[in-house]
Asks: 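The structure follows.
Every chain is numbered from 1, with letters handed out A, B, ... down the list of sequences. What you see is a predicted model; the values in this text were computed from it and never measured.
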Number of protein chains: 4
Amino acid sequence: MFRIQITTGGKVPIYRQVVDQIRSAIAGGVLAVGDPLPSVRGLASELVVNPNTIAKAYSSLVADGVVESQQGRGYFVTQHRQIYTKRERKRRLEETIAPLVAEAVTLGFGEDELIAEIRKRFAKMTNR
Amino acid sequence: MFRIQITTGGKVPIYRQVVDQIRSAIAGGVLAVGDPLPSVRGLASELVVNPNTIAKAYSSLVADGVVESQQGRGYFVTQHRQIYTKRERKRRLEETIAPLVAEAVTLGFGEDELIAEIRKRFAKMTNR
Amino acid sequence: MFRIQITTGGKVPIYRQVVDQIRSAIAGGVLAVGDPLPSVRGLASELVVNPNTIAKAYSSLVADGVVESQQGRGYFVTQHRQIYTKRERKRRLEETIAPLVAEAVTLGFGEDELIAEIRKRFAKMTNR
Amino acid sequence: MFRIQITTGGKVPIYRQVVDQIRSAIAGGVLAVGDPLPSVRGLASELVVNPNTIAKAYSSLVADGVVESQQGRGYFVTQHRQIYTKRERKRRLEETIAPLVAEAVTLGFGEDELIAEIRKRFAKMTNR
DNA sequence: GTGGTCTAGACCACG
DNA sequence: GTGGTCTAGACCACG
């Protein structure tokens, strides 16, 4: 079953977490084309956050063409198209990796430990 | 020679970029224990940013125990002590990993591709 | 009710006074887990100082893990986790004790007098 | 024997450490009235600090009437007089204690642990 | 309304 | 010359 989980108090804003997790769910096949998203109010009350926050996340997904709004029925997953060129995707990935590796080394973790933690994170994502 | 480069207009704040790059330089051995950091004012004028922004970055490095400030002399790389508990270090690593994995998946990268990129990053760091 | 009071013109910086008083309030139970801190702007205008000064104080409390910032909502007292290693905690305590003892001796107080005053301070904290 | 020890990288400036330790030595009887202080240059080279820093510390002691300069011979301990009223001394002590106790509690130390550390600090001072 | 980042600039302490 | 603190004020992101 598809569940969104957020953490508060960290640096990542709630709406970003919602966006990222829905994208991940689509990319991972947990949400298929045509599937409905949870309702804005339902999800907001479940996560105990402001409905505006969920609405903002969904709007951002609509703007990116990942989901569409059907008047009065809710939000649904659309065909997800790759937007960036391969080169651009790689550049963005490398840009994100560099600070992570620096942080991990600062915290005293080695290459293999970091990778083990990343595999755990992936496992957690697909299990959900 | 050790140079810091920043990009403005993106979502990563300037002070964060400075922190990340100095951490990378230390992790990669470009900056060794006892080495001075560029002076706050010098770096600020070189990067054309406000000295307060650099001061904020340096303070954050001091809080993590990787550099220290010597009254009236400047900032220096310290002998790296582990100051956080194992639990806290793990919490921080997970907090950093979660958004990265979400971003990678959003960009269409799978687990193995991400890990390959991370290994490349480690290799690049130690080669230099 | 919880009030912060500062003095200017002394050697203790304003942001330090704010940090110390909030710590005392938490240590003494005046502020409990989950309680909000005064808003940055609200406290700044109440104390007639710049909001940046309060923000600096609050950031320092976040770094020590005693409060957390919730995006767009404010700062809240967290469940207190021990984030530093035993060695680091001891190092910090010694660093704080050394100047205190020097000051006490300079003021003409002996070991037992100082300790009596410290016990009084603890008693005052828990009584409130 | 009388030895001054300083730590760099902390928040307490070097000249303050020198001043405090000399005052403590006098208060503790390690330095008696008429005893000479180490020479400015000698102490500076021993501590590997700028001679101006030592000169500044000694000037501050002269200004407070704790030591006196004898032209061409050096600095000597004079009769130390209490400057503050009892009430003022106590007020200053309490002012210093409050943040220490808050810090100790934040770090997870209890009353007895803090006091044990303070006794250790006193022991270290008199042994030296 | 809440915090987060940044600039421009001042004044001071320390070495 | 070096960092440390603080002000005044702007603009933006988040909820």
Asks: Could you tell me whether E103(A) and R92(B) make a salt bridge, using a distance below 4.0 angstrom between a side-chain N and a carboxylate O?
Replies: no

Asks: Determine, for R91(C) against E94(C), whether the closest basic-nitrogen to carboxylate-oxygen distance falls under 4.0 angstrom.
Replies: no

Asks: Between R89(D) and L107(C), is there a donor-acceptor pair closer than 3.5 Å when you use the side chain of the first and the backbone of the second?
Replies: yes

Asks: Heavy atoms within less than 4.0 Å of DNA chain F: which residues of residues 44-60 of chain C have one? Give them sorted by number.
Replies: V49(C), N50(C), N52(C), T53(C), K56(C)

Asks: Specify the residue among G42(C) and G72(B) whose closest nucleotide of DNA chain E lies further upstream toward the 5′ end.
Replies: G42(C)

Asks: Is a side-chain N or O of Q17(B) found less than 3.5 angstrom from the main chain of T7(B), in a donor-acceptor match?
Replies: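 Side chain of Q17(B) to backbone of T7(B), a donor-acceptor pair under 3.5 Å: yes, one is there.
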
Asks: Any side-chain heavy atom of E68(B) within less than 4.5 Å of one from Q70(B)?
Replies: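 Touching, per the 4.5 Å side-chain cut-off.
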
Asks: Taking for each residue the nucleotide of DNA chain F with the nearest heavy atom, is it Y15(A) or P13(C) whose nucleotide lies nearer the 5' end?
Replies: P13(C)

Asks: Write down the partner of dG3(F) under the Watson-Crick or G-U wobble criteria, each distance required to be under 3.5 Å.
Replies: dC12(E)

Asks: Verify the neighbour count for atom CZ of R81(C): are there more than 12 heavy atoms of other residues, nucleotides or ligands below 6.0 Å?
Replies: yes

Asks: Would you say S24(C)'s side chain and D20(C)'s backbone share a donor-acceptor pair under 3.5 angstrom?
Replies: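 Here the side-chain-to-backbone pair exists.
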
Asks: Identify the 5'-most and 3'-most nucleotides of DNA chain F with at least one atom closer than 4.0 Å to a non-hydrogen atom of chain C.
Replies: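 The protein-touched segment is dT5(F) to dG15(F).
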
Asks: Between F76(B) and D35(B), is a side-chain contact (heavy atoms from CB on, under 4.5 Å) present by the stated rule, with each step listed?
Replies: CA-CA 5 Å; F76(B) 299 84; D35(B) 283 355; over 6 Å; no

Asks: Please figure out whether V12(C) or S39(B) has its closest DNA chain F nucleotide nearer the 5' end.
Replies: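 Nearest nucleotide further toward 5': that of S39(B).
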
